[in-house]
Chemist: 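The structure's right below; bear with me while I get my questions together.
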Amino acid sequence: METAVIVLALVAAPVLGGLICLPFRGGRGIGVPVLATSVLMIVLSLLLLLDMHSLGLSRLAIDEGSIEPTKWLILASDFALLAFFIVTGLRLRNRLVTAFGVLQLVPLIAIEASSFGVTVEPALLVDYLSVTLTLVVSIIGSIICIYAIRYMQHDEAQPRFFAVMLIFLGAMNGAVFANNLLWLFFFWEVTTLCSYLLIGHERTKEAKESAVRALVYTLGGGVALIFGILLANSYYNTLSMSDLLSSGAASGLALLPFALMAFAAFTKSAQMPFQNWLLGAMVAPTPVSALLHSSTMVKLGVYLLLRMSPAIVSVPALAWSIAAVGAFTFLGTSVLAMAESNSKRVLAYSTIANLGLITMCAGIDTSLAISAALILLVFHAVSKALLFMCVGAMKGETASLEIDDMAGLRDRMPYVSIAFAIGVITIMLPPFGMFASKWLLSEAITSLPILAFIVAVGFAATVVYYSKWLGRVLSGGSSVARPSVIKDKLPANYRYTLGSLAVMAVALSFLINYLVSYLINPYIVTVFHVSVEGTGFSIFSSLGEFPIIVLLVLVAVTFLLIGMFLRPKQQELSAPYTGGESYQFETGGFYLLSRFNRDRANAIFNLTAMVIIAILLAIPFASEVIR
Amino acid sequence: MSMDLAGILVSAALFIFAPIGVGLIMGIDRKVTAHMQNRVGPPITQAFYDLVKLFGKRPMLMNRGQAVFAVTCLMMQAMALAVLVAGGDLLVVFFVSGAGSVAFVLGAFSARSPYSYFGAQRELLQILAYEPVLLLVILLIGYDRGSFVVGGINSSLLPSLILALLALVIVLVIKLQKSPYDIATAHQEIVSGPYVEYSGPYLAVTKLANWFETAVILGILTLFFWNGNVAISVAGKASIVVIAIFASQIIDNITARLTKERMVKFTLTAGILLVAVNMTCIFLVRQGVL
Amino acid sequence: MVLSGRSRIKSPWMLHFDTGSCNGCDIEIWALLSPRYDIERFGILNKANPKHADILLVTGPVTRKVEDRLRLLYEQMPEPKLVVAVGDCASTGAPFSDCYNVNGGIGRVIPVDVFVPGCAARPEAIIDGVVLALKTWKERKFSSKTKDETIKEPREREVRN
């Protein structure tokens, strides 16, 4: 298939699929279009990767001329969208929403007025960064949609739900392919809309409040984005992302577009101090949390930062402020996650922490750091989606999202417990997933030491809150008659979706060399002109080397051998030691900070983050004064 | 890691000698502590008697998960030591050893027993206290030398990393489970903490894992001295280890156990401060200011 | 195996349990841990956890309330294990042997290897008792099926009204 057609299909097909879902009253049979669209997306994204490789392309440009009516379609939809936001703000009597809607409309009109009829070439630009993101969105997003078929089966408004989910996937793909900055803005705001609709899906009071809060924060980011585009147009005289990046950041006030776009990225990725909207968004159904608020939508912000990073490498102050926001977010959210007992909130904090790490890498801006960021992005998407889906499955059994209620799930739901364990281990432990990235990260940090101190404490905190939780789930009594994984009565849909993500997480860890050489290296080569080498047996970098495959194989063999050959016989089992008593004790959870300390810590972290962002926004002005 | 036959043999010898050496160190530790307390104490080889005796007992478990995690912990710690003696990457050593500690904690959690549970939580707090400091010391070594590969370190880390050495002694106190921070295995408070539901051969496995873990940190300590002459190098490394262990013993015998909050606060504050000051000094020296 | 047999004797970890004694014998047992008597030189460590222990040092005449707990602790000790009854109360229950709330000695609840008399039993006598118990291990051949061999039946317990 023509590669351009694949690219367009990746954007259009899910939108069509979503619209097809709408007439399915009562959700009967809605699995068919969702499944079909999902499979199509997976196939298309893999085809795109294969095509890019076999054609030896490092980037593929699609001109506006070849997709003629799209420009007017997007323009009209853009205005319609902003009108919708303004109307929503008026309807909800929320001044901020209305104000932000208007503040977005005005610059858009200004830009369109000044550059009407100017064609931005190319309209869509596909390089390996876009391919990575679209693989994440299409494959993981599709699996989550398939999972949602079963999860939402008792919901009343399924057509609306699946329509918005699928349209969202199309919007994400559009955003990562867009080279025209206005198109990027349009798709960005579509994702904001989808997020608002999905968070408020259940129409409870809490859901509506959280949805409005999310709308306020992300619209605020949209304001920053459109103003950044307006200023970019006036300073650099272009609406094309590639032209903007190749011209590089000048100094003085011409830095303002980049600072504003970084601000927009921070709101979208819920960095501190904007993390509240993501925490509140956890009232949404679990598939929404898995899709939007961990694997895909929030990655749009860091995608923008990664895209921008080659341009700001010459302005250390700006890059380092971005890195500082990221590192600080990582520390703050990891510490606060230790104090949470609601599982989805822990996962939300963990997502924000991981995005903070990626932001930090984007700020450090060396070839190793960006590779680490991409590896983190991919692995986190897989593992976090898996974790959210497991939490959703567990909720079906325990009817609760509290971690303390998940004690002993190993005996009742062995399949989900194992999938959950794989998810947690691939996020926090070597030699799986995060290993290579943490390692590359630590090495890249030696270029900017102060961040190392912040990140080191964050890593330890990450280990603490994940181990606590995993330990709770894996705690089991002593019994020879334990249900086996094969005979677990989990619904087939959950088995396949959880199992596929778990297998993907483990497989990606083993195949990390291929991931690096086929997906990440091509992008690094085009941007930095050096390559991150990856041979089959080890990954080298300028600061050290290690044999990944050997380690992975040893650990895998160990687990398998022991698991297979160790079967406790009846004589071996013993009761727990409780001083000779024979009744079962229940233990409470351990959440390091008291409520007072938690609020205080939250306030301090928010304040510091606000200061750093204020500095970030002040840098262009300071630079202008100095010049 | 290009190694010739002699290198491989040396590494293998070190790998086998290290846990034996740690066992002897533990025996000597008990002997010296006993003499400090005006009594005789067990023979130096007591640790080996303990280990062999444990292998001869009937195996007893609460569930299979405990054993899986215990053996995983042992494998990871052994791998970490293997990478260290083979002259590999210090960050790899750190991460793999850290994974081993986490595996041990998960093993303690997987038994549904209150003492085991509390012990595991306290062990996590210990990890929260010492892991950042250890990571920062390793990062400082990398910053100083420009590389994390142990085989490439061919000069003494002292005296330029003297404060890092002090930070490592604090980490050593926690890792060797000595007062004032023997929080996880506080005998009088939570019996044996995370070890409580292990018995017989499985307890022996956890003990052995502990030995390998100690060997790793002592191995990092030995990096602080190097000399071209092999005999002087060995003597110097041994004396650093002896001094560090002796310091931890003295601290053990003159302090009482403190609270876990205090442990976290003190270790993080003191450790990070020491490493930060050290790094600043190195930076200033490089700039030519100092 | 010669090595494991020797190690077993060189490293017996003890569990101390009080089944209702006046604490006189308990104080003597704790005195063993002090520098004056120093049983750590024999490799004996005071482990509070039955799963880590080899020797069970019991005091007290086993009140009815604590009987089940004593049995549970004994069962939670992995073989090979030894039981040393310390003091007159633990041996025969005297002077409480006729009381309604007392079982009259540990031998009625769990199998005992060595009885150490005395009220309170002197520390030297206790050490003597432990060494005597360890001697039974010296003369025994341990096989891999130790778990089946060493489970002995306790003496018949008299029914009291």
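Every chain is numbered from 1, with letters handed out A, B, ... down the list of sequences.
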Chemist: Identify the heavy atoms of I127(B) and A460(A) that sit nearest to each other, and give their distance.
Modeler: O-CB, 4.3 Å
Chemist: Pick whichever of V264(B), L268(B), V105(B), V275(B) has the most heavy-atom pairs under 4.5 Å with chain A.
Modeler: V275(B)
Chemist: So which heavy atom on Y577(A) is nearest to which on Y115(B), and how close?
Modeler: O-CD1, 3.5 Å
Chemist: To the closest 0.5 Å, what do you measure between CZ (F453(A)) and CG (L140(B))?
Modeler: 7.0 Å
Chemist: As an exercise: rank S113(B), S110(B), A120(B), A108(B) by heavy-atom pairs under 4.5 Å with chain A and give me the winner.
Modeler: S110(B)
Chemist: Quick one: closest heavy-atom pair of P576(A) and E197(B), and the distance?
Modeler: CA-OE2, 3.4 Å
Chemist: Under a 4.5 Å heavy-atom cut-off, does chain A meet the side chain of A111(B), its backbone, both or neither?
Modeler: backbone
Chemist: State the CD1-OG1 distance between I425(A) and T72(B), to the nearest 0.5 angstrom.
Modeler: 8.5 Å
Chemist: For V191(B), is it the side chain, the backbone, both, or neither that has a heavy atom closer than 4.5 Å to a heavy atom of chain A?
Modeler: side chain
Chemist: Which bit of I272(B) comes within less than 4.5 Å of chain A, counting heavy atoms only: side chain, backbone, both or neither?
Modeler: both
Chemist: Under 4.5 Å from any heavy atom of chain A, what part of F283(B) do you find: side chain, backbone, both or neither?
Modeler: neither
Chemist: At a 4.5 Å cut-off on heavy atoms, which part of L125(B) comes close to chain A: side chain, backbone, both, or neither?
Modeler: side chain
Chemist: Between F109(B) and R472(A), is there a side-chain heavy-atom distance shorter than 4.5 Å?
Modeler: no
Chemist: What's the shortest heavy-atom distance between S467(A) and V102(B), and which atoms?
Modeler: OG-CG1, 3.7 Å
Chemist: Between L124(B) and F590(A), is the side chain to side chain contact (heavy atoms under 4.5 Å, CB included) condition met? List the steps.
Modeler: CA-CA 11 Å; L124(B) 273 182; F590(A) 183 58; over 6 Å; no
Chemist: Give, as side chain, backbone, both or neither, the part of A407(A) having an atom under 4.5 angstrom from any heavy atom of chain B.
Modeler: both
Chemist: What's the separation between atom CG in L139(B) and atom CG in L451(A), rounded to the nearest 0.5 Å?
Modeler: 11.5 Å
Chemist: Identify the heavy atoms of Q121(B) and G588(A) that sit nearest to each other, and give their distance.
Modeler: NE2-O, 4.0 Å
Chemist: With a 4.5 angstrom heavy-atom cut-off, is it the side chain or the backbone of A82(B) that approaches chain A, or both, or neither?
Modeler: neither
Chemist: With a 4.5 angstrom heavy-atom cut-off, is it the side chain or the backbone of F94(B) that approaches chain A, or both, or neither?
Modeler: neither
Chemist: Give me the atom names and distance for the closest heavy-atom approach of R112(B) to S475(A).
Modeler: CG-OG, 4.0 Å
